[in-house]
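Structure first, then comments.
By convention in this document, chain letters (A, B, ...) are assigned in the order of the sequence lines, proteins followed by strands, and residues within each chain are numbered from 1.
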Amino acid sequence: MYSVSSKNVIKSFQGGKKIKFPDISLEKGKALLIHGPSGCGKTTLLHLLAGLILPDEGSILIENTELQKLSSSEIDAFRGKNIGICFQKPVFIRSLNVLENLLMTQKLAGVPGDKKICLEILAELGLEKVSQQKTNSLSQGEQQRLVFIRALLNHPKLILADEPSSSLDDENTSRLMELMLSHSKTHGSSLVVVSHDERIKKFFDTKISLL
Amino acid sequence: MSYLKLVWKNIWLHPLRSMFNIILLSITIALVIILLLINKQFGNHLGKESEGTDIILCAKGSPLQSVLCNIFHIDAPTGNITIEQIKPFLNPAHPLIKKALPLALGDSYNNTRIVGTTLDYFETKSINIREGRFFEKDFEVILGSEIADRERMQIGSTIQSNHGLADLEGEMQHEHQLKVVGILKKTNSVADKLIFTTISTYWAEHEKGHEHDHEEDTVDHVHYSTVLRNSELVDNDHEISSLLIQFKGNNVQSLNFGRSINENFKIMAVSPPIEISRLYELTNTASDLLYWIAIILGILSTFALFINLIQALQERRQELAIMRISGAQPSLLFFILISEGIIICILGSFLGLILGHGFLYIASEYFQLGSKYGIRADVFFNEEYLIIAVTLLCGLVASIVPAIRAYRQDIVENLKD
C-alpha cells in the first residue's frame with residue numbers, strides 16, 4: 001500500500017522545456033527526500049504531488065486517488081483533507097497571531113476549531129510561548145516550525161515540504177528535520193521533502209535524485 | 001475563529017489606511033445628512049411659518065423684506081401704513097377675507113422683537129397659553145416660551161421696550177413699564193422668540209415718544225382697557241406696520257386681489273408663497289453646489305476604498321493562496337474581500353450619521369437654528385436609510401473587482417514572490 005506513487009510523469013513548460021520525473025513509490029508513514037540542484041524541477045514535482053498542477057503525461061496516485069481524474073474543486077477538497085504542505089517561504093495570515101493562524105487552518109479544512117489541540121501541538125514543537133504573538137515577530141526557525149505545525153495540524157496522510165531548511169543555520173536545520181521526521185511518524189503521516197540542501201540528506205533513508 | 005473576525009482583523013492590519021477610508025466616507029455622509037436635514041426642515045419651516053397668510057399688506061418697498069419682517073421677524077418693516085388705507089380689509093364682513101391680522105412692529109426688548117397684534121393672531125396660529133393669560137389691556141405683554149426661559153421672566157415681571165430692533169442702551173427707551181401677564185406654549189416657530197402686546201400699546205408708546213419730536217402733535221392718546229378688535233381699530237387714525245390676510249377661498253377674485261392692490265393703492269400686497277419660493281431658489285443654488293461637492297467626495301471615497309482593497313489584495317496574495325491550499329473555496333476569498341469593503345462602509349456610515357447629526361446639534365444649539373429656521377438635529381428622515389444603502393452599494397462597487405481577482409487567483413502563480 002503506497003501513500004504516493006507516480007509513473008512516467010512528464011510536465012512540459014512554456015518554451016518547449018520538458019521534464020520527465022523518476023517514478024516514486026512511497027509506503028505509508030515513510031519519509032522520502034527528493035534532492036537535486038536548483039532548477040531541476042523539484043518544486044514542480046512538489047506542485048504535481050500536491051495537485052496544484054497536473055502532469056501532461058503519466059499518472060500520480062495519492063492515497064490511491066488519481067488526481068487527474070478529479071475536478072479542480074474536488075482536488076481542492078482532497079488536498080485540504082489529505083495533504084499538508086510546507087512551502088519554502090513561510091507565509092501566514094498576517095492579521096492573525098500564531099494560535100489564530102492554526103485555528104483558521106482548522107476552520108478552512110472544515111475541522112472544528114479546537115484551541116486545546118492547537119496549543120498541544122505548539123507545545124509539542126516548542127512554540128507554546130509565542131502562541132499569542134504575531135507571526136512576523138517569530139525567528140526564521142520558529143516560522144519554519146510553525147509552517148510544519150500548520151501542515152501537520154489536521155493529521156494529513158501526506159506532508160509535502162519544499163526546501164524547509166533553506167533559510168536555517170545548521171543547528172536549526174537539524175532540529176527541524178528531527179522534529180519533522182519524528183512527528184510525521186507519530187501523527188501517521190508520510191513525508192516528502194524536496195531540497196537541494198546537502199545537510200539534510202543524512203536524515204533520510206529513502207532518497208531520489210533529480211538531475 | 002470566525003471569518004468575520006478575520007475580516008475585522010484584516011481591516012485593522014493597516015489602521016491608518018482603513019481610518020482614512022472610514023473618515024473620508026463619514027465626512028461625505030455627514031455632509032449629505034446635514035444638507036438633507038437642513039433642506040427638508042428649512043423647507044417645512046418656511047411653509048409652516050407662512051401657513052394661513054395669503055397676502056401681506058404693508059408699505060411699499062421690497063416684497064422679500066416684507067416677508068422676512070412680517071412672517072419670519074428677521075428684517076425691518078418696509079414702513080408704516082395708516083388704518084385709513086386698509087380700512088375696508090379690517091371689515092369682518094369683507095366678502096373675500098377670512099382673517100385679517102394687523103401687526104405693529106419696530107420695538108424690541110433686549111434684542112427681542114415686540115409684536116403688537118390682536119387676539120385673532122393666536123387663534124389663527126393655534127398658539128395657546130402655558131402660564132398666566134392673554135393680554136387684556138394696554139401695557140400688558142405675553143412672552144414666547146423661549147424668551148421667557150432665556151430671560152428668566154415670570155408672570156408679573158415688567159419690561160421697558162426700546163424703539164427700534166436693536167438694544168440701544170436706554171437711549172430710545174419707551175417710558176411705560178410693560179407687565180408680563182402670560183407665557184405662550186412652545187410652538188417650535190418664530191412665535192417662541194417674540195413678545196406680544198396690543199396694537200394700542202404701540203400707539204400709546206409712540207404717541208408719547210412723538211411728543212418730544214413733534215410738539216405740534218396734539219393727539220390725545222387713550223389707554224385702552226380692552227384689546228381692540230379689527231372692527232374697533234378702524235375708528236382710530238393711527239398707523240400699523242402690516243396686515244396679514246387669509247382669504248376665504250382661492251377664487252379668481254382673491255388671486256387678483258394682490259395685483260389690484262399694487263396697481264391702485266399706495267400700499268403693497270405681497271404673496272408669501274411667491275417670495276418664499278424665490279428665497280428657496282436662492283438657497284437651493286448653494287445647497288446644489290454642496291450636493292455636487294458631496295457627490296465628488298463620494299466618488300473619491302469609493303475610489304480610495306477601491307485602491308485600499310486592491311493594495312490589500314496585492315499584499316496578501318500569498319496569504320490568500322495559502323488559505324486556498326488549506327481548503328478555502330474561491331467563493332470564501334470573494335466573501336472576505338467583499339466583506340472588508342462593506343464593513344468599512346458600515347463603519348463610515350455609522351460615523352457619518354454621528355458626525356452629521358452631532359455637527360448639526362452643536363450648530364443648532366449655537367446658532368439657535370431650531371427656533372429660527374426649524375432645524376433640529378434629533379430627527380431621522382427615511383432618506384437617511386437611502387444614504388446608507390447608497391454607501392453600502394459604493395462599498396460593493398469598490399470591492400467587487402478585488403473580490404473577483406481573489407476568486408480567480410491562480411494558487412501556484414500567487415505562491416511565487
Which atoms of [X] approach chain A - backbone, side chain, both or neither, heavy atom under 4.5 Å:
| X | value |
| --- | --- |
| B:Ile322 | side chain |
| B:Leu415 | side chain |
| B:Leu332 | side chain |

Q: Show the numbers, then the answer: is there a side chain to side chain contact (heavy atoms under 4.5 Å, CB included) between B:Ile411 and A:Arg79?
A: CA-CA 13 Å; B:Ile411 301 177; A:Arg79 187 192 307 118; 4.1 Å; yes
Please say whether more than 12 non-hydrogen atoms of neighbouring residues, nucleotides or ligands are located less than 6.0 Å from [atom1] in [X].
| X | atom1 | answer |
| --- | --- | --- |
| B:Phe303 | CZ | no |
| A:Phe78 | CZ | yes |
| B:Lys186 | NZ | yes |
| A:Tyr2 | OH | no |
| B:Tyr361 | OH | no |
| B:Tyr291 | OH | yes |
| B:Phe350 | CZ | no |
| B:Phe20 | CZ | no |

Would you mind checking which part of [X] comes under 4.5 Å of any heavy atom in chain B, side chain (CB onward), backbone (N, CA, C, O), both or neither?
| X | answer |
| --- | --- |
| A:Ala109 | both |
| A:Phe87 | side chain |
| A:Ile93 | both |
| A:Lys89 | side chain |

Q: Sort out for me which of A:Lys134, A:Arg150, A:Gln106, A:Lys115 touches chain B most, counting heavy-atom pairs under 4.5 Å.
A: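 Ranked by contacts with chain B, first place is A:Arg150.
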**Q.** Max heavy-atom pair count under 4.5 Å with chain B, selected residue of A:Lys81, A:Gln88, A:Lys107
**A.**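 Top option by heavy-atom pairs under 4.5 Å: A:Lys107.
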Please name the pair of heavy atoms, one in [X] and one in [Y], separated by the smallest distance, quoted to 0.1 Å.
| X | Y | result |
| --- | --- | --- |
| A:Arg94 | B:Glu319 | N-OE1, 3.1 Å |
| B:Leu6 | A:Ser95 | CD1-OG, 3.9 Å |
| B:Lys9 | A:Leu96 | CD-CD2, 3.6 Å |

Q: Name all pairs fulfilling the salt bridge (Lys or Arg N to Asp or Glu O under 4.0 Å) condition that reach into residues 339-359 of chain B, sequence neighbours left out, sorted by first residue then second.
A: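 Of all non-adjacent pairs touching residues 339-359 of chain B, those that pass salt bridge (Lys or Arg N to Asp or Glu O under 4.0 Å) are B:Arg316-B:Glu340.
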**Q.** Of A:Leu153, A:Asp76, A:Leu108, the residue whose pairing with B:Ser326 passes side-chain contact (heavy atoms from CB on, under 4.5 Å)
**A.**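 That would be A:Leu108.
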Q: Between chain A and each of B:Leu320, B:Leu13, B:Ile11, count heavy-atom pairs under 4.5 Å; write down the option with the most.
A: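 Going by pairs under 4.5 Å, I would pick B:Leu13.
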Q. What residue in B:His14, B:Glu315, B:Gln329 has the most heavy-atom pairs under 4.5 Å with chain A?
A.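 Highest number of heavy-atom pairs under 4.5 Å: B:Glu315.
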Q. Between CD of B:Glu413 and CG of A:Leu52, what distance do you get to the nearest 0.5 Å?
A.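 The distance works out to 12.0 Å.
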